[in-house]
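Sequence positions, counted from 1, serve as the residue numbers for this chain. Counting starts at 1 for both ligands and their atoms, in listed order.
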Amino acid sequence: MTKDLLTPVLARIDAGLEQSVERLVDVLRIPSISTDPKFDPDVHRAAAWMADQLTGIGFDAAVRPAKKHPMVVGHMKGPEGTPHILYYGHYDVQPADPYELWDSDPFEPVIVEAERGKRIVARGAVDDKGQVMTFIEAFRAWMEVHGSLPISVTVLLEGEEESGSESLEPFLSANKDELSADACVVCDTGMWAVDKPAITYMLRGIVSVEVKIKGPSRDLHSGMYGGGVINPINLLSRILGDFHDETGRIRIGGFYDDVLPVGDNELKQWAGLGFDEKAFLSEVGLEVPGGEQGFTALERIWARPTLDVNGITGGYQDPGGKTVIASEASAKITCRLVPDQDPDKIIAGLKAFVTERLPKGYSLEIVHEGGFPALRVPTESDYLKAAVAGLRDEYETEPVLIGCGGSIPAAGSIRNLLGMDSLLVGFGLEDDRVHSPNEKFEMVCFHRGIRSNAAIMARLAELAG
Ligand code: BES
Ligand code: ZN
């Protein structure tokens with residue numbers, strides 16, 4: 001019966017694609033960069049834009065203040081007895097720099113023709129505005145055709161996902177009853193390939209710290225003091241280089257103590273996916289892999305922990321040279337975590353590792369820290385089966401279960417505070433340049449993402465008991 005309801009919705013989605021794209025372009029113009037306070041007004045503008053869309057479709061929706069950036073929450077009741085699903089996504093984006101590496105303005109979206117047809121290029125195209133719009137546009141089409149949704153829906157859109165989700169847990173706790181549902185659909189991940197849909201069942205956790213090493217009481221003339229003092233930038237570089245041994249293993253004490261090995265069955269299933277490591281590397285201009293020796297590429301990306309330096313600062317960085325020994329040096333570091341690593345233990349280990357290597361008179365300041373553990377989602381629930389069925393309806397092939405090297409803190413927080421598991425259904429592709437210049441979303445992924453969300457709703461509606 002729900003199939004009969006779905007068919008005209010799909011026709012409506014196809015007919016309205018151009019308008020859907022126009023709306024996506026509209027929101028992509030807003031530089032809602034959550035990490036940089038300079039963009040706070042834009043972050044608010046993007047929240048208001050999202051709330052307006054939901055209200056326009058018929059949701060009871062509003063921008064809701066939170067500790068830092070606001071949340072957008074909307075509700076729409078479906079028929080009595082149908083499942084109630086929380087849809088999660090984020091309207092904030094990563095910074096767009098380096099701007100000079102973009103072929104077009106990151107906040108002036110362009111539609112270009114490429115190998116897979118049209119694509120939309122802009123910061124946030126796939127992460128995550130384009131993906132948020134796949135479910136909003138599915139709701140819109142369903143409302144336009146039937147005047148109601150086939151299930152009860154609550155939407156929660158966050159504005160801090162790309163910058164640590166500081167406000168999320170307090171907001172979830174304060175609005176627990178309002179946000180509780182039967183399951184959560186998170187639309188912020190990827191497919192296996194353009195014609196192979198996927199559900200993500202593992203996310204890595206993350207810890208972020210900025211370590212600042214302070215040495216001499218002021219910047220020094222590098223001729224007068226060079227050879228006489230320990231240079232903080234040299235020292236920091238040595239410590240950063242020390243983090244990994246020659247096999248790629250991280251040398252922080254206790255770092256691997258809680259890491260759970262991957263089971264043989266799971267390894268076999270991953271091997272069956274036929275990951276092409278050579279293609280993965282060559283797409284970014286590389287030939288030689290990194291990471292820990294002795295593990296397959298998918299293990300290293302999905303199920304092994306990492307430590308990466310994301311930025312180094314210190315000394316003179318303006319044009320020309322300056323003969324100076326800077327008094328301090330700092331590095332922003334993230335570790336990706338896997339089950340069962342504890343973020344606090346990892347941060348403590350990292351601090352100890354740096355502290356042990358500081359000479360007398362040199363100090364460590366931690367400028368920022370925070371973290372989330374890794375997450376595994378149960379793969380047996382009826383809700384997950386409905387999502388699989390919806391994807392199968394759209395793509396006419398069996399969806400695969402995959403891991404993800406990235407992190408979506410909300411999925412764990414929703415599990416812990418609202419008691420709901422997430423269905424991580426996403427439409428991004430490996431080469432979408434997430435967090436990089438020229439981020440893009442394939443039109444075919446946007447279009448079929450909207451259709452998939454409609455099909456998944458139809459399948460979820462069949463669970464009505
Ligand atoms: N959408 C990404 C997560 C992701 C990345 C899924 C790649 C699938 C493929 C998400 O928005 C993200 O980037 N999260 C941050 C979280 C961090 C800032 C706490 C991440 O993983 O770096
Ligand atoms: Zn995202």
No-hydrogen, no-angle side-chain donor-acceptor test under 3.5 Å, Arg415 and Ser422: no
List the atom pairs, with distances to 0.1 Å, where a side-chain N or O of residues 128-135 and a protein N or O form a donor-acceptor pair under 3.5 Å, not counting sequence neighbours.
unit_1 : atom_1 : unit_2 : atom_2 : d
Asp128 : OD2    : His90  : N      : 3.0
Lys129 : NZ     : Val27  : O      : 3.2
Lys129 : NZ     : Ile30  : O      : 2.8
Lys129 : NZ     : Ser32  : OG     : 3.0
Gln131 : OE1    : Phe427 : N      : 2.8
Gln131 : NE2    : Val126 : O      : 3.4
Gln131 : NE2    : Thr189 : O      : 2.8
Thr134 : OG1    : Gln131 : O      : 2.6
Thr134 : OG1    : Asn453 : ND2    : 3.0

Using a strict cut-off of less than 4.0 Å between a Lys/Arg side-chain nitrogen and an Asp/Glu carboxylate oxygen, indicate whether Arg45 and Asp42 qualify as a salt bridge. yes
Do any N/O atoms on Glu161 end up under 3.5 angstrom from N/O atoms on ligand 1? yes
Salt bridge (Lys or Arg N to Asp or Glu O under 4.0 Å) pairs, two or more places apart, involving residues 51-67: Arg64-Glu178, Lys67-Glu166
Checking Ser167 against His69: is there a side-chain donor and acceptor pair closer than 3.5 Å? no
Is there a heavy atom in Asp127 that sits closer than 4.0 Å to ligand 1? yes
If you measure from atom 8 (C) of ligand 1 to every heavy atom of Cys187, Gly370, Ala410, Cys404, which option wins on shortest distance? Cys404
Tell me the salt bridge (Lys or Arg N to Asp or Glu O under 4.0 Å) pairs involving residues 396-407, sequence neighbours left out? Arg392-Glu398
Minimum distance, heavy atoms only, to atom 21 (O) of ligand 1: which one of Glu158, Arg204, Arg336 is it? Arg336
Among protein heavy atoms, which lies nearest atom 16 (C) of ligand 1, and at what distance? Ser407 O, 3.5 Å
Would Lys332 and Ser208 count as a side chain to side chain donor-acceptor pair (under 3.5 Å) here? Give the steps. CA-CA 7 Å; Lys332 296 187 196 236; Ser208 323; over 6 Å; no
The Zn ion (ligand 2) neighbourhood, protein N/O/S only, threshold under 2.8 Å: His90 NE2, Asp127 OD1, Asp188 OD1, Asp188 OD2
Can you see whether Phe353 has Arg357 sitting over its ring - NZ or CZ less than 6.0 Å from the centre and within 45° of the normal? yes
Below a 4.0 angstrom heavy-atom separation, can you tell me which part of His435, side chain or backbone, both or neither, approaches ligand 1? side chain
Might you work through the ring pair (Phe, Tyr, Trp, His ring centres under 6.0 Å) test for Tyr87 and Phe139, ending with a clear yes or no? CA-CA 11 Å; Tyr87 283 80; Phe139 300 150; 4.9 Å; yes
Top protein contact for atom 1 (N) of ligand 1, by heavy-atom distance: Asp188 OD1, 2.8 Å
For atom 5 (C) of ligand 1, find the nearest protein heavy atom and state the residue, atom name and distance (0.1 Å precision). Gly406 CA, 4.3 Å
Is it true that a side-chain atom of Trp142 and a backbone atom of Met457 form a donor plus acceptor pair closer than 3.5 Å? no
